[in-house]
Amino acid sequence: MLVILITMQGYGMSHKATDDVYAPITNLPTIFIDTENGAAITSKDDYVNAVITVRGAANEEDNITEVPAEIKGRGNSTWKMAKKPYRLKFEDKINFLGNEAKEKNWVLLANYADKTLLRNALAFETARALFNFEFTPSVTFVDVVLNGKNIGSYLLTDQVEVKKSRVSVMEQPTTVVQGNPEITGGYLIEVDGFAEKEISWFKTAKDMKVTIKYPKDDEINASQKNYIQNYTQRMENALFSERFDDPEKGWRHYIDEDSWVNWYIACELFGNSDSWWSTYMYKERGEKFKYGPIWDFDIAFNNDYRIGNATEKFMRSAGCEPKTWIKRWWEDETLQKQVKKRWVEMGAENIKEFMLSYIDSMEVVLDESQKNNYEIWPTLDTRVHYEYSVRGSYEAEVQALREYVDARIRFLDLIWRVRADIDEKVVDGSIIEMPYNHIEQGENIRLTRVQGMANVAITLIDGKVVYSAQHVADANNNVVIDSSSLQAGLYIVVASDARSNVFRGRLLVE
């Protein structure tokens, strides 16, 4: 049995008014931000001088008073929303609210499009507990007061950047040139739908837009940009080559497979429709690309009406473009097996127990803060972004998240834990198999090794019988079924021969 200990770091579980002019709003720590002369924060590019105060932290040493810092806006679509996200930059490095990293740069996520306020935190904490990522952003829930105005509940987390306690790759001097071994790393890049708005970016031959996050815009030189652009292009070339799945000549020559598998499972488990629109990758000196850190889950977990109810949809098919790379990767049968193997190793019950326990715990922790938040931002009855459904109360929103997690894990376990074929049974030396238990709409269903079973009855069931016909095996002992009339969904496949031998399996049509 998995035992979950959720540390309430930074969450003072009681509060009371004090003589201090900075009094915490709820049981959570409150961050007070006072800009110079009360200046408004109107830009994502230009910082405004400020001082930062914290009250209500569980550990007294984390309560700071009027520490010099700067603040600016951040985000892309989220910056356009009524409740703004922010980036903080202290004059000196700080373990802000007791977080592990001692750095200057920190992020306040508004979670305005996520009415549970939990999606980013749930993804981060699940990844930290159950996946093998080298770095996952921290989680500290806070209330925020800006220039004396209560602006609600926020998530304090790490800035995704190259630092020892964050994306820990070797930092490069600006003098590195081609031919120097130092030029092979480190790098931090993002496959980025908004790349054209950035200063340092490039586009691959397959029109994948990539932003270079490190080396920084004002530090990167031409040799470094050429190196990482060429390395990314060689990876893409290998991915789309004839021998793309070859362990030495294919894409694995450029990307760490284990990191890819963990990252992909996280994308599907969390149902992140932006998985391919915004993806971080980093490269250490002399090493391959690794995927991560994970980021940006406010419209994940079935919170994007553009793709409908995504509980039983794969993001590699239903997620936002560009899906150029992921579609090619999923043609690698060995990679498919590695994903299923890793899923079984992690254990569906362990994943479910952790995620549901975290939701239950944090619903209690956030109770006061969410009430305060929705008094300021009364959006529980209003769609503000891409929410799949508007449920009218915080409790209903959290319950929908809970139900998604339970159903999503059962769905993935059904597909990834079962064998990728019909249950094998040997009858008079005959075996029937279905090599793949999922197909794209329009692809043929193929049963193989139908030896000695010339005449096979095939039935497909989706709550009701949707297909039933007799088929004759061809000279290669295969039965091919046209699936063009099938809708996307999950089917039970039943194959039987004239001797009443019955074989059952599952088929996912995407």
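Because the structure is predicted, anything quoted here is derived from the model rather than measured.
Residues Asn373 and Gly152 share a closest heavy-atom pair of OD1-CA, 3.7 Å. The two atoms that bring Val48 and Ala39 nearest to each other are CG1-CB, 3.8 Å, heavy atoms only. Taking every heavy atom of both residues into account, Thr157 and Ser138 meet most closely at OG1-O, 2.6 Å. Nearest approach of Leu130 to Met346, heavy atoms of both residues: O-CE, 3.7 Å.
When side chains are defined from C-beta on, Leu269 counts as touching Ile351, because their heavy atoms get closer than 4.5 Å. Inter-residue side-chain proximity for Thr30 and Val142 is flagged as unmet; no heavy-atom pair is nearer than 4.5 Å. Inter-residue side-chain proximity for Val210 and Trp201 is flagged as unmet; no heavy-atom pair is nearer than 4.5 Å. Looking at Ile359 and Leu401, their side chains come closer than 4.5 Å, going by heavy atoms from C-beta outward. Using a 4.5 Å heavy-atom cutoff, the side chains of Ile41 and Thr35 are in contact. A 4.5 Å side-chain heavy-atom check between Ile52 and Ile31 finds at least one atom pair inside the cut-off. Within the 4.5 Å cutoff, side-chain heavy atoms of Phe314 are placed close to those of Ile415. The shortest distance between side-chain heavy atoms of Phe90 and Glu103 does not fall below 4.5 Å.
One finds the OH atom of Tyr86 at 9.0 Å from the CG atom of Leu108 (value rounded to the nearest 0.5 Å). Rounding to the nearest 0.5 Å gives a distance of 5.5 Å between CE of Met355 and CD1 of Ile409. Distance check, rounded to the nearest 0.5 Å: CG of Leu335 to NZ of Lys340 gives 11.0 Å.
Under the 3.5 Å distance criterion, the side-chain polar atoms of Lys313 are matched with a main-chain donor or acceptor of Ile307. A donor-acceptor pair is defined here as one N or O able to donate and one able to accept, closer than 3.5 Å; such a pair exists between the side chain of Lys283 and the backbone of Thr184. Panel note: side chain Asn99, backbone Ala101; no donor-acceptor pair is recorded below 3.5 Å. Using modelled atom types, one side-chain atom of Trp276 and one backbone atom of Met315 make a donor-acceptor pair closer than 3.5 Å. In terms of modelled atom types and a separation under 3.5 Å, the side chain of Lys371 and the main chain of Asp367 share no donor-acceptor contact. A donor-acceptor pair is defined here as one N or O able to donate and one able to accept, closer than 3.5 Å; no such pair exists between the side chain of Asn132 and the backbone of Ser259. The backbone N or O of Met170 sits less than 3.5 Å from a side-chain atom of Glu284, completing a donor-acceptor pair. Under the 3.5 Å distance criterion, the side-chain polar atoms of Gln338 are left unmatched by any main-chain donor or acceptor of Val261. Side-chain N or O atoms of Asn95 include one that pairs as donor or acceptor with a backbone N or O of Glu100 at under 3.5 Å. With hydrogens and angles disregarded, no donor-acceptor distance shorter than 3.5 Å links the side chain of Asn272 to the backbone of Ala300.
Here Glu171 pairs with nothing under the side chain to side chain donor-acceptor pair (under 3.5 Å) rule; sequence neighbours left out. Asn303 is linked by a side chain to side chain donor-acceptor pair (under 3.5 Å) to nothing, counting only residues two or more places apart in sequence or in another chain. For Arg285, the side chain to side chain donor-acceptor pair (under 3.5 Å) test picks out no residue, with sequence neighbours left out. Residues meeting the side chain to side chain donor-acceptor pair (under 3.5 Å) test with Gln233, sequence neighbours left out: Glu236, Asn237. Every residue meeting the ring-ring contact (aromatic ring centres under 6.0 Å, His included) condition with Phe270, not counting sequence neighbours, appears here in chain and number order: Phe297, Phe301. In this view, Ala127 and Phe131, Phe133, Thr136, Ile294 satisfy the side-chain contact (heavy atoms from CB on, under 4.5 Å) rule, not counting sequence neighbours. Residues forming a side-chain contact (heavy atoms from CB on, under 4.5 Å) with Asn150 (at least two apart in sequence, or on another chain): Ile25, Asn372, Ile376.
A donor atom on one side chain and an acceptor atom on the other are found under 3.5 Å apart for Asn302 and Asn309. In this model, a donor atom of one side chain and an acceptor atom of the other lie less than 3.5 Å apart for Arg342 and Asn262. Side chains of Gln159 and Asn105: a donor-acceptor N/O pair is absent below 3.5 angstrom, by distance only. Side-chain contact, Glu190 with Thr279: no donor N or O sits under 3.5 Å from an acceptor N or O. Side chain to side chain, Ser273 and Asp304 meet the donor-acceptor criterion of an N or O pair below 3.5 Å.
In this pair, Tyr291 and Trp260 present their aromatic rings perpendicular. The plane angle is above 60°, beyond the 30 to 60° band. Classified by interplanar angle (parallel below 30°, tilted 30° to 60°, perpendicular above 60°), the ring pair Trp343/Trp416 is perpendicular. Note: Phe194 and Trp277 have perpendicular aromatic rings, judged against thresholds of 30 and 60 degrees for the angle between ring planes.
Geometric assessment of Lys225 against the ring of Phe202 yields a negative cation-pi assignment under the 6.0 Å and 45° thresholds.
Counting only residues at least two apart or on different chains, no salt bridge (Lys or Arg N to Asp or Glu O under 4.0 Å) pair has a member in residues 65-88. Residues in residues 374-387 take part in these side-chain hydrogen bond (donor to acceptor under 3.5 Å, both in side chains) pairs, two or more places apart or across chains: Lys115-Glu387. The stretch residues 139-162 participates, sequence neighbours left out, in these salt bridge (Lys or Arg N to Asp or Glu O under 4.0 Å) pairs: Asp158-Arg166, Glu161-Arg166. Residue pairs meeting the salt bridge (Lys or Arg N to Asp or Glu O under 4.0 Å) criterion with at least one member in residues 256-275, sequence neighbours excluded, are Arg252-Glu257, Glu268-Arg408. Residue pairs that meet the salt bridge (Lys or Arg N to Asp or Glu O under 4.0 Å) test with at least one member in residues 124-133, sequence neighbours left out, are Glu125-Arg128.
When ring centroids are compared, Tyr254 and Tyr231 come within the 6.0 Å threshold.
Among Trp329, Trp325, Trp330, the single residue meeting the ring-ring contact (aromatic ring centres under 6.0 Å, His included) criterion with Tyr264 is Trp330.
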